[in-house]
Amino acid sequence: MPRTRHVARAFADSLNPAPAPGTAETLALVVSELATNALRHGGGHYTLHLSATADAVNVAVSDLNPAPPRERTPASTTAPAASDGT
């Protein structure tokens, strides 16, 4: 999601005062993850709304799927243990 990361990073860079570089990068990562999930699970389109106050940055990502989100069991990300042949 390079474009989404770019939009989030540009938004962070436009804030005055600008957030710390690590905070701006975290914002870009969170926005990218939310947009990816909306694309993957929400039908292929999403809207992104970014806003900020003096105390907070607000991120809203919405998809067009009318069904509410449902809890899913995450896929395992660990590889099975290697066998040593014994």
Side-chain angles (χ1 to χ4, degrees):
M1 306 280 337
R3 183 171 184 270
T4 303
R5 287 181 68 91
H6 175 73
V7 167
R9 192 62 195 247
F11 175 78
D13 291 345
S14 75
L15 297 175
N16 187 12
T23 302
E25 187 56 33
T26 299
L27 174 66
L29 176 63
V30 167
V31 168
S32 177
E33 288 293 320
L34 291 171
T36 298
N37 287 344
L39 282 173
R40 176 182 267 174
H41 304 293
H45 298 314
Y46 67 92
T47 60
L48 170 64
H49 180 78
L50 300 168
S51 62
T53 66
D55 301 319
V57 172
N58 302 296
V59 177
V61 176
S62 302
D63 61 52
L64 303 177
N65 189 336
R70 61 181 169 74
E71 188 172 343
R72 296 168 39 150
T73 303
S76 175
T77 58
T78 59
S83 172
D84 64 5
T86 58

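One is the number of the first residue; the rest follow in order along the sequence.
- The backbone N or O of Ala28 lies less than 3.5 Å from no partner atom in the side chain of Ser32, so there is not a single donor-acceptor pair.
- Rounding to the nearest 0.5 Å gives a distance of 6.0 Å between CG of Asn58 and OG1 of Thr53.
- Between Val7 and Val31, the closest side-chain pair of non-hydrogen atoms is not below 4.5 Å.
- Around the NE2 atom of His45, the shell of radius 6.0 Å holds no more than 12 heavy atoms that belong to other residues, nucleotides or ligands.
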For residues 11-20, dump all side-chain donor-acceptor pairs below 3.5 Å to protein atoms at least two apart in sequence or in another chain.
{"unit_1": "Ser14", "atom_1": "OG", "unit_2": "Phe11", "atom_2": "O", "d": "2.7"}

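- For the salt bridge (Lys or Arg N to Asp or Glu O under 4.0 Å) condition, the pairs that include at least one residue of residues 16-28, sequence neighbours left out, are Arg5-Glu25, Arg9-Glu25.
- Looking only at side-chain heavy atoms (C-beta outward), Leu48 and Val59 come within less than 4.5 Å of each other.
- Put simply, Leu50 and Val30 are part of the same group of oily side chains (I, L, V, M, F, W, Y) that touch within less than 4.5 Å, one to the next.
- Separating the NE2 atom in His41 from the CG atom in Asn65 is a distance of 11.0 Å, to the nearest 0.5 Å.
- When each of Leu34, Thr4, Leu64 is tested with Tyr46 by the rule side-chain contact (heavy atoms from CB on, under 4.5 Å), just one qualifies, namely Thr4.
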